[in-house]
Number of protein chains: 4
Amino acid sequence: MPEPIGVRRAQAQRTRSGVLAAAAAVFVEQGVQAPVRDIAERAGVGVGTIYRNFPTRADLVTAVYRHQIDTCAALAPQLLAESASPFTALTGWVDAFVEFLVTKHGLGAALGSDDPGLENLHALMLDTLVPACATLLDACAAADEVSPGISAYTLMRAIGNLCITGPDYERADAQRMVATLLAGCRRAA
Amino acid sequence: MPEPIGVRRAQAQRTRSGVLAAAAAVFVEQGVQAPVRDIAERAGVGVGTIYRNFPTRADLVTAVYRHQIDTCAALAPQLLAESASPFTALTGWVDAFVEFLVTKHGLGAALGSDDPGLENLHALMLDTLVPACATLLDACAAADEVSPGISAYTLMRAIGNLCITGPDYERADAQRMVATLLAGCRRAA
Amino acid sequence: MPEPIGVRRAQAQRTRSGVLAAAAAVFVEQGVQAPVRDIAERAGVGVGTIYRNFPTRADLVTAVYRHQIDTCAALAPQLLAESASPFTALTGWVDAFVEFLVTKHGLGAALGSDDPGLENLHALMLDTLVPACATLLDACAAADEVSPGISAYTLMRAIGNLCITGPDYERADAQRMVATLLAGCRRAA
Amino acid sequence: MPEPIGVRRAQAQRTRSGVLAAAAAVFVEQGVQAPVRDIAERAGVGVGTIYRNFPTRADLVTAVYRHQIDTCAALAPQLLAESASPFTALTGWVDAFVEFLVTKHGLGAALGSDDPGLENLHALMLDTLVPACATLLDACAAADEVSPGISAYTLMRAIGNLCITGPDYERADAQRMVATLLAGCRRAA
DNA sequence: CATGAATGAGTTTTCATTCAT
DNA sequence: TATGAATGAAAACTCATTCAT
């Protein structure tokens with residue numbers, strides 16, 4: 001009774017999705033360094049399955065955040081088109097980015113980490129988020145709203161760092177500091 | 001003459017200093033979570049010596065940074081007295097703080113960590129650095145140079161985070177972003 | 001057919017049994033505080049396997065002795081039914097208990113230990129062996145063959161202690177002393 | 001200024017006594033396996049001093065208990081002379097022995113241990129306590145008060161074991177069980 | 001393809017013991 | 001002789017990773 005290939009593939013995809021959802025949840029609770037076993041248990045699969053689908057931890061981390069990263073990137077042109085000024089668009093976009101970061105405990109640290117295994121995530125950022133942010137920054141610079149000397153990458157790393165929360169420095173604090181940083185960018189213009 | 005205490009004490013002090021130096025170096029390379037054994041090897045001592053002098057990792061981390069923290073704190077009143085304006089003093093102090101942070105890779109992360117073993121370091125900051133910074137912030141607020149809504153603690157955590165460096169986000173980037181953050185504080189005034 | 005579960009489970013069971021056998025042997029030689037690594041080596045498994053199957057030392061100790069403890073407990077009602085007098089039944093049961101103890105060097109000490117990790121074993125005794133012994137003691141007391149003032153728990157602890165053997169105080173000595181203790185119980189009646 | 005030898009020797013003796021007192025106290029609290037450092041701290045000396053005076057742990061343990069052992073041994077002929085019957089003398093002597101054992105937590109276990117380092121203590125028992133006890137036992141046997149088949153050594157080991165106390169099996173329980181054992185000896189006569 | 005038992009390297013931590021002073 | 005800093009072997013425990021089924 002040879003199974004139709006499509007069924008298998010669909011099942012495999014479901015497994016993969018389950019792992020991603022579990023990993024996302026565990027990352028929120030424990031950070032991206034959480035034990036593989038915890039993720040496997042949460043997903044209801046064996047650890048082997050995790051390793052099959054995501055040979056390295058970075059692969060898993062990357063996959064977990066790829067969709068949200070893409071969504072975030074896509075927001076840039078949309079905001080630019082809708083907003084009254086480029087800086088307003090930038091502000092809106094950064095708000096969304098921050099929201100993304102503070103919801104995923106540990107990702108900020110992951111972005112700032114020099115763990116060689118997290119290169120993929122870095123690459124993903126460089127390839128999608130940085131250009132998106134750069135578009136906005138360039139528009140702001142063109143409108144003379146921010147200094148042209150600030151690179152999108154550096155700004156995003158800074159924002160990523162500011163979003164590393166903890167006791168006595170929580171979500172709201174991170175949001176305020178990022179807003180302050182943006183204000184500093186504008187003033188520099 | 002049961003013992004020439006002075007000699008022994010001097011030797012012990014030398015050992016202790018050697019451990020501190022080794023730990024500082026290893027922290028720069030590997031962060032404050034570096035294996036105790038690595039520090040012992042670098043210091044040329046047994047692990048037991050580390051544990052004798054610094055029973056917990058936090059004790060070691062704290063000791064490594066205590067002197068510089070104290071120095072940094074002492075700088076605040078001095079700058080306030082010398083500077084043309086409170087904000088200039090604040091800027092100068094933050095420069096020194098950043099210098100301290102970027103030199104000690106991993107300390108920024110340590111400050112932001114919720115690792116229970118790092119409470120001592122937290123306490124040290126709260127007890128010395130935060131009041132020093134608060135003095136400057138209060139002076140700035142009194143001179144209407146910054147918004148009164150920014151707490152010294154939050155600002156320092158933010159600066160600490162901004163100083164988590166890595167590939168493509170290095171010392172100079174951190175310094176620029178901190179300056180931008182400060183500019184944002186001023187603008188808010 | 002994602003997995004032939006039965007085979008795996010059987011193998012796991014075999015591993016578990018092997019660990020139990022190895023632990024039993026090592027306990028005889030070194031006592032229940034023997035290094036985990038020694039047990040792992042004797043069993044031909046990694047230490048991780050021990051920890052997987054028996055997260056705490058107490059879990060392992062308990063598992064090693066559970067079967068024999070249950071068997072011993074089950075003997076009590078049987079002997080009571082078969083024997084000419086309650087005291088004869090008690091004597092027979094204590095013989096079996098002693099046999100159990102002297103075969104497992106170190107268990108007597110384990111029973112007497114206040115090591116918090118051995119609570120499980122204590123609990124196991126209290127839940128199974130003590131009631132079994134109490135049944136016999138009560139019957140003896142009812143028949144006026146022993147003094148009613150002796151608690152089953154205390155008697156078993158005493159017997160456990162008497163069974164801590166060593167050079168110049170071996171199995172036969174322990175047996176004789178336990179018999180003497182029992183004789184003392186009877187005399188008190 | 002050459003010190004008079006006698007002064008030095010007296011000082012050394014004082015040190016030795018202090019160590020013995022400290023060791024006795026620590027043994028009561030932690031058992032004879034207590035860390036050497038704890039004893040040194042309690043005695044207010046360095047660990048080196050302990051090792052100088054008592055190269056092995058057994059030397060220390062033995063020295064700690066030697067005086068009391070001697071005292072206990074000396075009690076035997078005295079009780080035999082004073083008592084109405086040999087068995088009464090034996091009972092009194094055993095009471096004293098038990099008192100000695102239950103006051104020194106861990107000594108009972110030490111007596112029963114096959115730790116090769118505790119041979120000295122064993123030897124001390126064999127040389128002093130066993131003969132003392134044997135005198136009493138022999139007298140009892142001669143008076144037909146106990147069975148002649150019980151060796152003093154075995155009886156003392158048994159008593160030592162019965163005196164290993166712990167939670168739920170305390171001093172009073174040990175005393176009762178020892179009394180029961182003695183009763184058993186008598187009955188056997 | 002999925003499973004999860006097994007592995008063992010890596011880390012922390014404790015303490016007996018030594019030895020320079 | 002006394003000191004106690006230093007040592008390092010020993011033991012516990014964790015978790016990433018492999019692989020037989």
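Chain letters run A, B, ... following the sequence lines, proteins first and then strands; every chain starts at 1.
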Bracket string, DNA chain F, 5' to 3' - pairs by Watson-Crick or G-U geometry under 3.5 Å, | interstrand: .||||||||||||||||||||

Quiz: residues 41-54 of chain C side-chain donor-acceptor pairs under 3.5 angstrom, not counting sequence neighbours:
unit_1: C:Arg42; atom_1: NH2; unit_2: C:Glu29; atom_2: OE1; d: 2.8
unit_1: C:Arg42; atom_1: NH2; unit_2: C:Glu29; atom_2: OE2; d: 2.6
unit_1: C:Asn53; atom_1: ND2; unit_2: C:Thr49; atom_2: O; d: 2.9

When all nucleic acid strands are considered with a 4.0 Å heavy-atom cut-off, which category describes B:Gly18: base, sugar-phosphate, or nothing? nothing

Expected string for nucleotides 11-16 of chain E under the B/S/- scheme (protein heavy atoms, under 4.0 Å, primed atoms plus P, OP1, OP2 as sugar-phosphate) is SBBB-S

Which comes earlier along DNA chain F counting from the 5' end, the contact point of B:Thr15 or that of D:Gln11, where each point is its nearest nucleotide? D:Gln11

Write down the distance between CD (D:Gln13) and C1' (F:dA2), rounded to a whole number of angstrom. 16 Å

With distance as the sole criterion, is a donor-acceptor pair present between the side chains of D:Asp59 and D:Thr56 under 3.5 Å? yes

F:dA6 P sits how many Å from B:Glu41 CD, rounded? 17 Å

Starting at atom CG of A:Asp59, determine the distance to atom P of F:dA16, rounded to an integer number of angstrom. 15 Å

For F:dT7 and B:Thr49 - does any side-chain N or O of the residue sit under 4.0 Å from the phosphate oxygens OP1/OP2? yes

For residues A:Arg16 and A:Gln13, is any side-chain donor paired with an opposing acceptor at under 3.5 Å? no

Taking CD1 from A:Ile39 and C1' from F:dT17, how many angstroms apart are they, rounded to a whole number? 14 Å

Take atom CD1 of A:Ile50 and atom P of F:dC19, then tell me their distance rounded to the nearest Å. 19 Å

Taking OP1 and OP2 of E:dA6, is either one under 4.0 Å from a side-chain nitrogen or oxygen of C:Asn53? yes

A:Leu60 and A:Val32: side chain to side chain contact (heavy atoms under 4.5 Å, CB included), yes or no, with the steps? CA-CA 9 Å; A:Leu60 179 56; A:Val32 291; over 6 Å; no

Whole Å only: how far is the CZ atom of B:Arg52 from the P atom of E:dT17? 16 Å

Between C1' of F:dA6 and CZ of B:Phe54, the distance in whole Å: 14 Å

